[in-house]
There are 2 protein chains.
Amino acid sequence: MINDTKYVYMTQVMKAMAHPTRLFIVDLLNEREHCVCELQEQIGSDMSTISRHLAVLRNAGIIDSRKENNQVFYRLLCPCVLEFYHCVADMNHKRS
Amino acid sequence: MINDTKYVYMTQVMKAMAHPTRLFIVDLLNEREHCVCELQEQIGSDMSTISRHLAVLRNAGIIDSRKENNQVFYRLLCPCVLEFYHCVADMNHKRS
DNA sequence: GACAGATTTGTCTATTTTGCCAAATAGGAA
DNA sequence: TTCCTATTTGGCAAAATAGACAAATCTGTC
């Protein structure tokens, strides 16, 4: 039961979102497409670290990328993940 | 920015959901309240392991518990987390 | 009080995740 | 080709997480 494809995939998506930097990236990509260097400017970590975070999100199917010259642009595939934000924010508000 | 309360709490919730057993627990609790022994019957792992999973979900504010005699019943505080399931299931479907 | 069932917690080990540095790769410009 | 900029990847050490077992706790019963 627990090994149903459903749970395996859901877990991958949840894990991909379970990091503050990656949540922030999802927020940024919800506005518009960004290249890696723009993300780095906003986030401030090492670019290799950001690249790894992006790979996690892409492997989970949450974002996708395209190359333009020597830059790579990322975009959010599934803005619906953000609906979850509101649900969670409400929870947080209620318990405070 | 990344250390905003918003992201800290969101991350805690996402981490709490980022495990197949815990997702399964959330699904079970969505039907109705369950005591720990019922959950164990469905899940099959060691009861101590299940108890830890429940603690993770409770600390994140996703579930709550009440005692009745010598049993502890858990219930889902925020069924809206399940809406995320559909969003994710759609994503999975599209990319397959 | 001793006992039994249900649940939680302490502790330890194995596994996974993170983040940094350096090296590799890709594409365009000189 | 060589150089430069943007990005990804290899490798490693630190930190976090998961699961098992035993011990502790809590509550009702004898």
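The chains referred to below are lettered A, B, ... by the order of the sequence lines, with proteins before strands, and numbering in each begins at 1. Quick caveat: nothing in here was measured; it's all calculated off a predicted structure.
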Check this for me, if you would: do A:D46 and A:R52 make a salt bridge, where the nitrogen-to-carboxylate-oxygen distance has to be below 4.0 angstrom? no
Please report, rounded to the nearest Å, how far the [atom2] atom of [N] is from the [atom1] atom of [X].
X: B:R66; N: C:dA6; atom1: CZ; atom2: P; value: 16 Å
X: A:Q71; N: C:dA29; atom1: CD; atom2: P; value: 12 Å
X: B:Q40; N: D:dA20; atom1: CD; atom2: C1'; value: 13 Å
X: A:N59; N: D:dT8; atom1: CG; atom2: C1'; value: 13 Å
X: B:H19; N: C:dT15; atom1: NE2; atom2: P; value: 15 Å
X: B:Q12; N: D:dT17; atom1: CD; atom2: P; value: 10 Å
X: A:I50; N: C:dC20; atom1: CD1; atom2: C1'; value: 13 Å
X: A:E41; N: D:dA6; atom1: CD; atom2: P; value: 11 Å

Parallel, tilted or perpendicular: which fits the ring planes of B:H19 and B:H53, with parallel below 30° and perpendicular above 60°? tilted
State which of C:dT7, D:dT7, C:dC21 makes the closest approach to the side chain of A:C37. D:dT7
Taking C:dC20, C:dT17, D:dT7 as options, the one with an atom nearest any side-chain atom of A:K15 is C:dT17
With a 3.5 Å distance limit and no angle check, can you tell me whether B:R22 reaches the backbone of B:A16 through a side-chain donor-acceptor pair? yes
Please check this pair: side chain of B:Y9 against backbone of B:A60, looking for a donor-acceptor N/O pair closer than 3.5 Å. yes
DNA chain C nearest-nucleotide lookup for A:V56 and B:S65: closer to the 5′ end is B:S65
Between A:S51 and B:A18, the residue closer to the 5' end of DNA chain D by nearest nucleotide is A:S51
With nearest nucleotide decided by heavy atoms, which residue, A:V72 or A:R52, maps closer to the 5′ end of DNA chain D? A:V72
Would you please confirm or rule out a distance under 4.0 Å between OP1 or OP2 of [N] and any side-chain N or O of [X]?
X: A:T49; N: C:dG19; result: no
X: A:N70; N: C:dA26; result: no
X: A:H53; N: C:dG19; result: yes
X: A:K67; N: D:dT7; result: no
X: B:S48; N: D:dA20; result: no

Looking at B:T49, B:V56, B:I43, which one forms a side-chain contact (heavy atoms from CB on, under 4.5 Å) with B:T21? B:I43
Would you classify B:Y74 as touching base, sugar-phosphate or nothing, given that sugar-phosphate means primed atoms plus P, OP1 and OP2, and contacts are heavy atoms under 4.0 Å? sugar-phosphate
